[in-house]
Amino acid sequence: SRGQDYRIRPEKNFIGRSEEMHIIITGDNTISRRNHAIISYNPVERNFFLIPGDGVGIVYHNNEAVYSPVELTAYDVIQMGKSKFIFIPLCGIHFEWENENSKE
């Protein structure tokens, strides 16, 4: 799955290998099937947080274990199992897709 992107929707996005997850990671059996981690996007405050899940594995943010919510910023590295991901937000404090289409 190298080079694959994952879409993050508003509010909580559960991450794991199971098809029931919002973000499905395949090819790495060291990632928990369900709820390895959560990425939350708050559309009111326009920020992203990485939250540890209730799966067996630990999630890392910039090489530090995550035990409580951590705010994500552009180019942060998230590691789950043997996989590493680069966080690249396409919305935030200065831009949000939903507001782009509404003209007042």
Side-chain angles (χ1 to χ4, degrees):
S1 299
R2 181 172 273 183
Q4 181 173 339
D5 67 328
Y6 299 93
R7 305 290 165 99
I8 298 171
R9 63 180 182 79
E11 301 182 358
K12 292 182 179 179
N13 297 266
F14 294 89
I15 305 169
R17 292 183 292 122
S18 170
E19 302 241 345
E20 300 170 356
M21 299 292 97
H22 297 109
I23 299 174
I24 303 165
I25 310 294
T26 59
D28 184 348
N29 289 336
T30 60
I31 293 176
S32 299
R33 286 189 53 72
R34 297 178 48 81
N35 302 338
H36 193 111
I38 301 163
I39 293 181
S40 179
Y41 175 66
N42 180 332
V44 174
E45 296 179 11
R46 294 185 178 181
N47 55 11
F48 294 87
F49 279 86
L50 177 63
I51 304 165
D54 57 7
V56 175
I58 296 174
V59 61
Y60 296 87
H61 171 257
N62 296 331
N63 295 318
E64 304 243 346
V66 176
Y67 297 107
S68 59
V70 175
E71 188 163 7
L72 291 170
T73 58
Y75 301 103
D76 282 351
V77 176
I78 299 167
Q79 183 173 345
M80 290 178 275
K82 296 178 182 174
S83 299
K84 287 187 178 184
F85 307 90
I86 297 174
F87 178 72
I88 302 175
L90 298 179
C91 59
I93 194 74
H94 301 291
F95 175 81
E96 187 172 81
W97 291 100
E98 290 180 11
N99 292 338
E100 185 65 17
N101 293 331
S102 62
K103 306 287 184 201
E104 295 183 40

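Quick note: residue numbers are just sequence positions, from 1. Every heavy atom of this structure was used, including side-chain atoms; hydrogens, water molecules and symmetry mates were not.
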Report the distance from atom CG of D76 to atom CG of N62, rounding to the nearest 0.5 Å. 4.5 Å
Counting C-beta onward and ignoring hydrogens, is there a side-chain heavy-atom pair between Y41 and K12 closer than 4.5 Å? no
Quick check: do R7 and N13 have side-chain heavy atoms less than 4.5 Å from each other? no
Euclidean distance, H36 NE2 relative to I38 CD1, rounded to 0.5 Å: 11.5 Å
May I ask you to test the F49-V66 pair for a side-chain heavy-atom distance under 4.5 Å? no
Side chain proximity check, I25 to Y6, heavy atoms < 4.5 angstrom: yes
Output the distance between atom CG (D5) and atom CD1 (I86), rounded to the nearest 0.5 Å. 13.0 Å
So, the side chain of D28 versus the backbone of G81: is there a donor-acceptor pair under 3.5 Å, distance only? no
Got a sec: does the CD of E71 have more than 12 other heavy atoms crowding it under 6.0 Å? yes
If you count heavy atoms of other groups shown closer than 6.0 angstrom to CD1 of I88, is the number above 12? yes
Are the side chains of I39 and I78 in touch, meaning some heavy atoms are under 4.5 Å apart? yes
Rounded to the nearest 0.5 Å, what's the gap from CZ on R17 to CG on N29? Could you check? 4.5 Å
So if you build clusters from Ile, Leu, Val, Met, Phe, Trp, Tyr with side-chain heavy-atom gaps below 4.5 Å, do I23 and F48 land together? yes
To the nearest 0.5 angstrom, please state how far the OH atom of Y67 sits from the CD1 atom of I58. 4.0 Å
Is the shortest side-chain heavy-atom distance between I15 and M21 below 4.5 Å? no
Do V77 and N63 have side-chain heavy atoms sitting under 4.5 Å apart? no
Test your reading of the model: is there a side-chain donor-acceptor pair from S32 to the backbone of V56, 3.5 Å cut-off? yes
Closest approach of R34 to D54 (non-hydrogen atoms, all atoms of both residues): O-OD1, 4.4 Å
How close do I31 and G16 get, counting heavy atoms only, and between which atoms? CG2-CA, 4.2 Å
Hey, does E20 have a side-chain heavy atom less than 4.5 Å from the side chain of F14? no
Hey, could you give me the CD1/NE2 distance between I51 and H61, rounded to the nearest 0.5 Å? 12.5 Å
